[in-house]
Amino acid sequence: MDRDFIKEYLTYLQVEKGLTRHSLDSYRRDLDRLQTWANQNGKQVSELARADLRKWIASLSREGLAPASVARAVSATRGFFKFLMLDGHIKSHPAEDLDTPQRFAYLPKFLTEDEINRLFAAPDISTEEGIRDRAVLEIMYATGLRVSELVNLKHADVDLLAGLVRCHGKGNKERRVPLGKSAIHWLQQYAAVKAGYGKQSTPNVFLHRGRPFTRQLAWSMIKSHAEKVGIKNVSPHTLRHSFATHLLQHGADSRSVQALLGHSDISTTQIYTHITDMHLRSAYDRHHPRARMKS
């Protein structure tokens, strides 16, 4: 019976690389797709060659998987085969130079600055829950935190006097992100609300009925407020995309945005540069008097 190399790789990622449960689940789903395809074709995963992997990628695209999802699955596969090679289970790396769908075939959704203002005005700040929701929206847009980073944020991670947030991203990598005055103000308002509850048993910043805020609550809260002001298809990640896009639109360099987002690879950040290039092109075409004039 073939060894469960995928399980061994996931254990390696958890123990040696310190990946979060959310990241491990993502790797598991992608590698399960590979395992299923190999089984259907009567092959062991460890025996797959470059030509097999090309067929697998084509099958993912035929199934309607988004290009970004295919690219992520290929990335997980590259890491898996590198692990097998370094451990001596295979002699060559079949996934090293695999082609993936166009990186920019899918562009992440971001809000305009006007939409951000409308969204932030949606919570009823005459209520304690409304103040909390406004603080959540403000800090996500001010820092570009992932939703998992937001719900795990502790009081010790937030320094309002220095205007800094410390968060632990993918692979438990720590980064510090500045806080703007608006976010600081609403965090102070929320802190005043929480002070009225007495001493808290949890160190988490954001609570719901005395318990730590969850990913599901963050999703439903943001979606609900967005729909109230007529903005559709908004998720916590939309605020992260908006954070990065607006920084670049206002002149930030991509290396600084990379550091703020916690991206290990600059190419991941460059998708936002592509978005801003499209935005500038659209503005140019709309407003330059000779942009559409034929010679």
- Item | Listed once per pair and sorted, the side-chain hydrogen bond (donor to acceptor under 3.5 Å, both in side chains) pairs that draw on residues 151-169, sequence neighbours left out | His155-Lys194, Asp157-Arg166
- salt bridge (Lys or Arg N to Asp or Glu O under 4.0 Å) contacts touching residues 235-264 (sequence neighbours left out): none
- Query: Applying side-chain hydrogen bond (donor to acceptor under 3.5 Å, both in side chains), which residue pairs with at least one partner in residues 10-19 are found, sequence neighbours left out?
  - Reply: none
- With the 4.5 Å side-chain cut-off for hydrophobic clustering, are Leu160 and Leu150 part of the same group? yes
- Query: Under 30°, 30 to 60°, or over 60°: which ring-plane class applies to Phe83 and Tyr9, parallel, tilted or perpendicular?
  - Reply: tilted
- Rounding to 0.5 Å, atoms CZ (Phe243) and CG (Leu261) come to a distance of 5.5 Å
- Query: Hey, does Asp25 have a side-chain heavy atom less than 4.5 Å from the side chain of Arg21?
  - Reply: yes
- Query: Are the side chain of Ser75 and the backbone N or O of Ala71 linked by a donor-acceptor pair below 3.5 Å?
  - Reply: no
- Task: Could you walk me through whether Glu138 and Ser182 pass the side chain to side chain contact (heavy atoms under 4.5 Å, CB included) test, one step at a time?
- Result: CA-CA 7 Å; Glu138 289 274 357; Ser182 183; 2.9 Å; yes
- Summary of ring-ring contact (aromatic ring centres under 6.0 Å, His included) pairs that have at least one residue in residues 213-238, sequence neighbours excluded: His237-His241
- Does the Thr245 side chain pair with the main chain of Phe110, one donor and one acceptor, at a distance under 3.5 Å? no
- Side-chain (Ser224) to main-chain (Ser220) donor-acceptor, under 3.5 angstrom: no
- With sequence neighbours left out, which residue pairs that include part of residues 116-126 fulfil the salt bridge (Lys or Arg N to Asp or Glu O under 4.0 Å) condition? Asp114-Arg118
- Query: Backbone N or O of Cys167 within a donor-acceptor pair of the Glu149 side chain at under 3.5 Å?
  - Reply: no
- Message: Return the CD1 to CD1 distance between Ile125 and Ile131, rounded to the nearest 0.5 Å.
- Response: 7.0 Å
- Query: Are side-chain N/O atoms of Ser26 and Ser23 paired as donor and acceptor at under 3.5 Å?
  - Reply: no
- Message: Can you tell me how far apart CE (Met85) and NZ (Lys82) are? Round to the nearest 0.5 Å.
- Response: 8.0 Å
- Donor-acceptor pair, side chain of Asp52 and main chain of Ala49, under 3.5 angstrom: yes
- Determine yes or no for a side-chain-to-main-chain donor-acceptor pair under 3.5 angstrom, with Arg132 supplying the side chain and Leu207 the backbone. yes
- What distance separates Glu227 CD from Ile222 CD1, expressed to the nearest 0.5 Å? 12.5 Å
- Item | Residue pair Thr238 / Ser235, side-chain donor-acceptor N/O under 3.5 Å | yes
- Task: Please list all pairs passing the ring-ring contact (aromatic ring centres under 6.0 Å, His included) test where one or both residues lie in residues 115-154, with sequence neighbours left out.
- Result: Phe120-Tyr141, Tyr141-His246
- Task: Kindly work out whether a path of hydrophobic side-chain contacts (I/L/V/M/F/W/Y, heavy atoms less than 4.5 Å apart) joins Leu239 to Val229.
- Result: yes
- Message: Between the side chains of Asp30 and Arg33, is the shortest nitrogen-to-carboxylate-oxygen separation below 4.0 Å, so that they form an ion pair?
- Response: yes
- Check the pair Tyr190, Val136 against side chain to side chain contact (heavy atoms under 4.5 Å, CB included), reporting the backbone distance first and the verdict last. CA-CA 9 Å; Tyr190 179 52; Val136 168; over 6 Å; no
- Item | Distance-only polar pair, side chains of Gln35 and Asn39, donor-acceptor under 3.5 Å | yes
- Would you check if Phe80 and Val45 make a side-chain contact, meaning some heavy-atom pair closer than 4.5 Å? yes
- Would you say Lys228 has more than 12 foreign heavy atoms packed within less than 6.0 Å of its NZ? yes
